[in-house]
Trainee: 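Structure below; questions to follow.
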Amino acid sequence: MESVQQLLERLATGVIRQSIGADGAANVRPCGNPKFGDYQINGLLPIAKARGENPRPLADKVAAALASALADIAEPPTVAGAGFINVRLKPAFVGSLLPRVLGDPRLGVPAASPARTIVIDYSAPNIAKQLHVGHLRSTIIGDSIARTLEFLGHKVISDNHIGDWGTQFGFLLRSKSELGEYLGTSAIHLSTIEQIYRKNVAEAEKDPAARDEAKAELVKLQAGDPEATRIWKALCDRTMEAINEIYTRLGVRPFDHTLGESFYHPRLAGVVAELKTRGLAEDSEGAVCVFFRDVPQLKDKPFLIQKSDGAFLYPTTDLATVQYRVETWKPGEIIYVTDSRQKLHFEQLFTTARRWDYPDLKLAHVTFGSVLGEDNKPIKTRSGEPIRLEELLDEGEKRAQAIVDANYADLPEATRREIARVVGIGAVKYADLSQNRVNDYVFSWPKMLAMQGNTAPYLQYAYVRIRSIFRKGEEPGQGVRGRGQEVVTLADAAEFDLAKFILRFPEAIELATEDYRPNFICSYLYDLAGKFSVFYERCPVLKADEPARSSRLILCQLTAEVLRKGLDLLGIQTIEQM
RNA sequence: GCGCCCGUAGCUCAAUUGGAUAGAGCGUCGGCCUCCGGAGCCGAAGGCUGUGGGUUCAACUCCCGCCGGGCGCACCA
């Protein structure tokens with residue numbers, strides 16, 4: 001269904017055209033300050049400027065015409081400031097909308113039009129390595145963006161671009177008999193594989209013979225040697241098994257595709273040849289490069305697609321990946337979620353891809369900053385190693401468990417454990433998603449697990465309190481829907497305020513989608529929970545007389561559903577009690 | 001050297017993409033429990049948005065210059 005903002009935009013733009021004959025958009029925004037009203041029309045200022053007229057008289061004219069056009073929707077609009085038109089919604093209009101939102105599986109969020117095919121590339125772990133904090137942001141930000149785009153009705157294709165090819169396998173395969181033993185018999189832990197890798201790297205640093213052996217192993221693998229290939233395959237399988245366990249714990253959606261770098265290997269020579277033929281790439285100092293001489297920021301930053309020894313590089317694979325994705329899925333857009341340090345690489349990649357064959361393809365690099373420790377430096381263990389995701393999730397659950405045990409000793413143990421799991425994992429994810437992704441953020445257990453402030457536990461608790469009303473009142477919740485009640489009465493200011501805010505869920509989704517910023521969903525949900533709290537303190541639900549009781553139950557139900565859906569778009573679960 | 005990103009309350013962060021009086025949490029101070037879950041709610045104090053110019057009816061937001069911090073820049077990914 002159409003959102004309130006869209007409705008106002010459509011109507012006001014029409015009125016502007018009719019009343020003053022201008023083509024400009026109404027540019028409807030929520031009012032920054034509620035004292036002015038609910039929505040403000042900002043579009044008259046640019047129109048007046050273009051015409052060289054005083055905006056106030058123009059705005060007066062439009063406001064007068066709007067009064068009748070919006071008669072059922074809003075109070076007569078008023079003009080304020082430099083030429084803003086303020087719109088104040090009528091309770092009856094808002095009340096009439098709520099049952100429709102309740103009956104809408106999308107909770108009032110309009111479907112994307114047109115729906116597009118969007119490939120999203122995130123997480124991208126490496127074979128033979130454990131997931132660590134470095135993978136956390138890409139994985140959960142990507143997952144949330146994928147969920148949100150899909151909710152809007154787009155065709156989303158998630159593709160995990162695994163690091164399954166490259167020099168690390170030379171070092172690993174040097175120990176292939178050792179690996180073969182482990183991989184052949186039982187499940188080997190990734191930490192053992194990492195140890196073997198580190199041992200070989202260390203040896204190669206000291207001993208040139210060891211280095212040559214590693215190189216020779218890599219060559220064998222790349223030439224398709226059966227033994228090397230078998231071990232490599234087993235390493236990939238074992239790693240993905242372990243990584244999928246973490247994905248399951250994290251609650252990220254399964255990837256639609258997991259196509260690693262190795263998948264693109266057969267295409268690489270062709271990519272280089274084609275770019276050279278097309279004149280986009282050229283030989284330089286023995287290697288093959290793409291230059292961007294006409295782009296000021298990139299003019300002294302070549303993009304290397306083939307080494308002087310003939311080997312291909314990360315950029316080559318990424319170009320081949322674009323080619324494959326376009327051929328296979330014909331997407332309108334490809335989104336990459338990686339840390340901001342790779343920004344230059346993606347600028348080069350995108351520029352090259354556009355020049356190559358894909359001028360109309362939208363390419364987006366969604367960047368994010370580092371996770372910092374309490375010392376404001378990238379978070380590490382005492383020994384300087386990256387923190388493994390497994391440990392991190394363990395600790396989150398453990399800390400949540402301690403809080404739950406202390407507060408709810410009366411609940412059965414299994415219930416407490418489930419609560420701790422949902423709260424602990426949710427807290428870690430929410431702490432990350434609630435922040436503007438471009439900044440670094442400081443990782444802090446006490447803050448993310450706090451019950452007050454913009455945290456997952458606070459929102460989960462808000463949800464639980466609402467569900468508790470339905471349990472207590474023996475109202476099944478779903479019973480509220482389909483009761484056939486047409487109008488919600490909104491007598492109290494707190495009811496009206498909450499109701500209007502529920503109708504703004506689509507705005508939050510739109511903001512979050514435009515710039516791939518899940519934190520807009522977070523701050524909306526936090527504000528929603530705050531408005532609900534005010535309502536909850538001031539307006540008894542179960543003890544209220546009709547029709548207030550039914551109306552309030554609908555408000556409760558809607559708040560709960562929006563909270564649950566919003567958290568779901570963040571990849572965070574809710575529970576019924578905690 | 002070149003390029004990119006970031007400087008907002010004591011601390012950790014928001015700010016609807018150029019809109020009206022820059023908002024939260026923590027911390028500090030003060031209120032609210034015969035009432036649906038107090039892990040809660042309400043209120044107060046706290047700001048020259050790093051800095052100097054510019055564009056605009058309007059700038060935390062855009063442009064230029066400084067000062068701080070981070071990151072990246074030819075054979076790793």
Side-chain angles (χ1 to χ4, degrees), chain A residues 5 27 29-33 35-36 40 42 45-46 48-49 54-55 80-84 86 124 126 163 165-168 261 284-289 296-309 311 313-315 317-318 339-345 347-348 367 369-370 376 378 403-404 406-408 434-436 438-442 444 446-447 449-455 457-458 461-462 464-473 504 507-508 510-512 514-515 517 519-520 522-524 526-527 530 533-534 536-544 552 556 577-578:
Chain A
Q5 191 178 22
N27 197 11
R29 290 285 127 83
C31 281
N33 187 330
K35 111 178 176 199
F36 296 126
Q40 59 190 57
N42 293 344
L45 292 155
K49 185 177 171 63
N54 184 347
F84 304 104
N86 291 320
N126 292 310
W165 202 248
T167 47
Q168 77 262 36
E261 293 169 341
S284 171
E285 297 174 28
V288 181
C289 285
Q297 296 93 322
L298 299 178
K299 68 174 176 352
D300 56 352
K301 302 190 166 37
F303 196 44
L304 214 61
I305 59 174
Q306 186 169 22
K307 293 172 32 171
S308 49
D309 67 1
L313 295 134
Y314 178 40
T317 311
D318 274 358
D339 68 272
S340 51
R341 287 177 307 194
Q342 297 192 49
K343 202 160 176 174
L344 173 60
H345 167 74
E347 273 172 36
Q348 294 172 320
T367 63
S370 311
N376 273 346
I403 298 170
V404 172
N407 289 289
Y408 297 104
S434 60
Q435 230 113 150
N436 184 341
V438 304
N439 296 317
D440 294 348
Y441 85 97
V442 178
S444 160
K447 276 182 184 139
L449 285 166
M451 272 308 302
Q452 56 283 335
N454 191 7
T455 66
Y458 175 81
Y461 178 69
V464 162
R465 275 206 305 189
I466 301 172
R467 297 301 304 148
S468 166
I469 293 172
F470 286 96
R471 263 201 309 281
K472 191 112 181 174
R504 291 182 53 187
E507 296 170 29
E510 191 190 335
L511 283 172
E514 269 176 15
D515 271 334
R517 294 263 306 269
N519 70 301
F520 284 113
C522 297
S523 60
Y524 170 80
Y526 179 58
D527 290 342
S533 286
V534 174
Y536 182 84
E537 296 285 323
R538 282 183 38 182
C539 304
V541 177
L542 296 175
K543 289 177 183 159
R552 288 173 183 177
C556 290
Q577 54 177 329
M578 63 191 278

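FYI, side chains are in, hydrogens and waters are out, and symmetry mates aren't considered; it's all heavy atoms of this structure. Numbers restart at 1 for each chain; the letters A, B, ... are given by sequence-line order, proteins then strands.
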Trainee: Out of B/C41, B/G19, B/U16, which has the shortest distance to the side chain of A/F84?
Mentor: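 Side chain of A/F84 sits closest to B/G19.
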Trainee: Measure CG/A/N376 against P/B/G7 and give the value in whole Å, please.
Mentor: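 In whole Å, B/G7 P and A/N376 CG are 15 Å from each other.
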Trainee: Nearest heavy-atom pair of A/Y458 and A/S533: which atoms, and what distance?
Mentor: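 Here A/Y458 and A/S533 meet closest at OH-OG, 3.8 Å.
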Trainee: Provide the distance between the two P atoms, one in B/G52 and one in B/U8, to the nearest whole Å.
Mentor: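 After rounding to an integer number of Å, I get 16 Å for this pair.
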Trainee: Could you tell me whether A/D318 contacts a base, only the sugar-phosphate backbone, or nothing, with contacts defined as non-hydrogen atoms closer than 4.0 Å?
Mentor: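 Counting heavy atoms under 4.0 Å across all strands, no contact is made by A/D318.
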Trainee: For A/N439, report the nucleic acid contact type (base, sugar-phosphate, nothing); a contact means any heavy atom under 4.0 Å.
Mentor: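 Here A/N439 touches the backbone only, sparing every base.
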Trainee: Tell me whether A/F36 and B/A20 count as stacked here, given that the ring centres must be under 5.5 Å apart and the planes must differ by less than 30 degrees.
Mentor: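 Yes, the aromatic ring of A/F36 stacks with the base.
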Trainee: How far does CG of A/D318 sit from CD1 of A/I305, to the nearest 0.5 angstrom?
Mentor: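 Output value for this atom pair is 12.5 Å.
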Trainee: Starting at CG of A/N33 and ending at P of B/A58, how long is that distance when rounded to a whole Å?
Mentor: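 Interatomic distance, CG of A/N33 to P of B/A58: 21 Å.
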Trainee: Which part of the nucleic acid does A/V442 contact within heavy-atom distance under 4.0 Å: base, sugar-phosphate only, or nothing?
Mentor: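 Result for A/V442 = sugar-phosphate.
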Trainee: So which nucleotide does B/C2 pair with, by the Watson-Crick or G-U wobble rule with both distances under 3.5 Å?
Mentor: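 Base partner found: B/G72.
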Trainee: Mind checking who B/A58 pairs with, Watson-Crick or G-U wobble, both distances under 3.5 Å?
Mentor: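 Matched B/A58 with nothing under the 3.5 Å cut-off.
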Trainee: Whole angstroms only, please: what is the CG-P distance between A/D527 and B/U16?
Mentor: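 Rounded to the whole Å, the gap is 13 Å.
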Trainee: Let me know the distance between CD of A/E347 and C1' of B/C4, rounded to the nearest Å.
Mentor: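 Going from A/E347 (CD) to B/C4 (C1'), I get 7 Å.
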Trainee: Using the P atom as the reference point in each nucleotide, state the distance between B/G47 and B/G23 in Å, no decimals.
Mentor: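 So the two P atoms sit 13 Å from each other.
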Trainee: Quick one: closest heavy-atom pair of A/C31 and A/Q40, and the distance?
Mentor: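 Where A/C31 meets A/Q40 most closely, the heavy atoms are CA-OE1, 3.4 Å.
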Trainee: Provide, to the nearest angstrom, the distance between the CD atom belonging to A/E510 and the C1' atom belonging to B/U16.
Mentor: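 Spelled out: CD on A/E510 to C1' on B/U16 is 9 Å.
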Trainee: Base, sugar-phosphate or nothing for A/Y536? Non-hydrogen atoms, less than 4.0 Å.
Mentor: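 Base contact.
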Trainee: Which whole number of Å gives the distance between the P atom of B/G38 and that of B/A24?
Mentor: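 After rounding to an integer number of Å, I get 22 Å for this pair.
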Trainee: May I ask you to say what A/E514 touches in the nucleic acid, namely base, sugar-phosphate or nothing, with a heavy-atom cut-off under 4.0 Å?
Mentor: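 Touches a base.
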Trainee: Which value, rounded to the nearest 0.5 Å, describes the distance between A/F84 atom CZ and A/N27 atom CG?
Mentor: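 Those atoms lie 10.5 Å apart.
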Trainee: Taking only N and O in the side chain of A/R467, is any of them less than 4.0 Å away from OP1 or OP2 of B/C36?
Mentor: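 It does not, given that no N or O in the side chain of A/R467 lies less than 4.0 Å from OP1 or OP2 of B/C36.
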Trainee: Say we look at B/C5 and B/A9: how far apart would their C1' atoms be, to the nearest angstrom?
Mentor: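 The answer is 24 Å between these two C1' atoms.
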Trainee: Verify, without hydrogens or angle tests, whether A/R552 (side chain) and A/P540 (backbone) share a donor-acceptor contact under 3.5 angstrom.
Mentor: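 Answer holds: yes.
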Trainee: Determine the Euclidean distance between corresponding P atoms of B/C6 and B/U16; express it in Å to zero decimal places.
Mentor: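 Pairwise P distance, B/U16 against B/C6, rounds to 14 Å.
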Trainee: On RNA chain B, does the nearest nucleotide to A/E507 precede the nearest nucleotide to A/K343 from the 5' side, or the other way round? Give the residue.
Mentor: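 The residue closer to the strand's 5' end, by nearest nucleotide, is A/K343.
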Trainee: NA contact type, A/N519, heavy-atom cut-off 4.0 Å: base, sugar-phosphate, or nothing?
Mentor: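 If one applies the 4.0 Å heavy-atom cut-off, A/N519 turns out to touch the sugar-phosphate alone, with no base involved.
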Trainee: In the 5'-to-3' direction, what one-character label does each nucleotide of nucleotides 67-77 of chain B receive under the scheme B = base within less than 4.0 Å of a protein heavy atom, S = sugar-phosphate only, - = no such atom?
Mentor: ----SBSBBSB
Trainee: Whom does B/A45 pair with, Watson-Crick or G-U wobble, provided both distances fall under 3.5 Å?
Mentor: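 Its partner: none found.
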Trainee: Could you tell me whether the side chain of A/Q348 and the main chain of A/K301 form a donor-acceptor pair under 3.5 Å?
Mentor: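 Yes, because the side chain of A/Q348 sits within donor-acceptor range (under 3.5 Å) of the backbone of A/K301.
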Trainee: Using purine N1 to pyrimidine N3 plus N6-O4 or O6-N4 for Watson-Crick, or N1-O2 and O6-N3 for G-U wobble, both under 3.5 Å, which nucleotide pairs with B/G40?
Mentor: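 Pair assignment: B/G40 / B/C32.
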Trainee: Find the distance between CG (A/D527) and SG (A/C522) and round it off to the nearest 0.5 Å.
Mentor: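 Going from the CG atom of A/D527 to the SG atom of A/C522 covers 11.0 Å.
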Trainee: For B/A14, which nucleotide is its Watson-Crick or G-U wobble mate, given both distances must be under 3.5 Å?
Mentor: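 Per the H-bond distance test, none.
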Trainee: Determine if the base of B/C6 is syn or anti; take syn to mean the glycosidic torsion is within 90° of 0.
Mentor: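 Base orientation relative to the sugar is anti.
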Trainee: Taking the P atom of each, how far is B/G7 from B/C13, in whole Å?
Mentor: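 After rounding to an integer number of Å, I get 11 Å for this pair.
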Trainee: Syn or anti for B/U17, with syn set at within 90° of 0?
Mentor: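 You should classify B/U17 as syn.
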Trainee: Quick one: CG on A/L298 to CZ on A/F303, what's the gap to the nearest 0.5 Å?
Mentor: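 Going from CG on A/L298 over to CZ on A/F303, the span is 10.0 Å.
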Trainee: Do A/Y461 and the base of B/G40 stack face to face, with centres under 5.5 Å apart and an angle between planes under 30°?
Mentor: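 It does not: the two rings, one from A/Y461 and one from B/G40, miss the stacking criterion.
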Trainee: Please tell me if A/K543 has a side-chain N or O lying less than 4.0 Å from either OP1 or OP2 of B/C36.
Mentor: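 Checking B/C36 against A/K543, no side-chain N or O comes under 4.0 Å of OP1 or OP2.
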Trainee: Looking only at atom P, what distance separates B/A20 and B/U49, rounded to whole Å?
Mentor: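 Approximately 15 Å lies between the P atom of B/A20 and that of B/U49.
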Trainee: Using whole Å, what does the distance between atom P of nucleotide B/C57 and atom CG of A/N42 come to?
Mentor: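 Result: 16 Å.
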Trainee: With rounding to the nearest 0.5 angstrom, report the CG to NZ distance, A/L542 to A/K472.
Mentor: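 One finds 8.5 Å between CG of A/L542 and NZ of A/K472.
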Trainee: Suppose you measure atom P in B/G25 against the same atom in B/C42; what distance do you get, rounded to whole Å?
Mentor: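 It works out to 8 Å between them.
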Trainee: CG of A/N436 versus P of B/C60: gap in Å, rounded?
Mentor: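 Nearest whole value for this atom pair: 18 Å.
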Trainee: With sugar-phosphate meaning primed atoms plus P, OP1 and OP2, does A/I403 contact a base, only sugar-phosphate, or nothing at under 4.0 Å between heavy atoms?
Mentor: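 Counting heavy atoms under 4.0 Å across all strands, the contact made by A/I403 includes a base.
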Trainee: Select base, sugar-phosphate, or nothing to describe what A/A450 touches, counting heavy atoms under 4.0 Å on all strands.
Mentor: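 Since no nucleic acid heavy atom lies under 4.0 Å of A/A450, the category is nothing.
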Trainee: Would you indicate what A/V534 reaches in the nucleic acid, counting non-hydrogen atoms under 4.0 angstrom: base, sugar-phosphate, or nothing?
Mentor: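 Counting heavy atoms under 4.0 Å across all strands, the contact made by A/V534 is with sugar-phosphate only.
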Trainee: Working to the nearest 0.5 Å, report the span between CG of A/N519 and OH of A/Y441.
Mentor: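 Going from the CG atom of A/N519 to the OH atom of A/Y441 covers 13.0 Å.
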Trainee: Once you round it to whole Å, what is the distance between P of B/U16 and CZ of A/R504?
Mentor: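 Value for this atom pair: 12 Å.
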Trainee: Which one, B/U56, B/A14, B/A24, comes nearest to the side chain of A/Q435?
Mentor: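 So the side chain of A/Q435 is nearest to B/A14.
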Trainee: Between the side chain of A/D440 and the main-chain N/O of A/G369, is any donor-acceptor distance below 3.5 Å?
Mentor: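 Side chain of A/D440 to backbone of A/G369: no pair is present.
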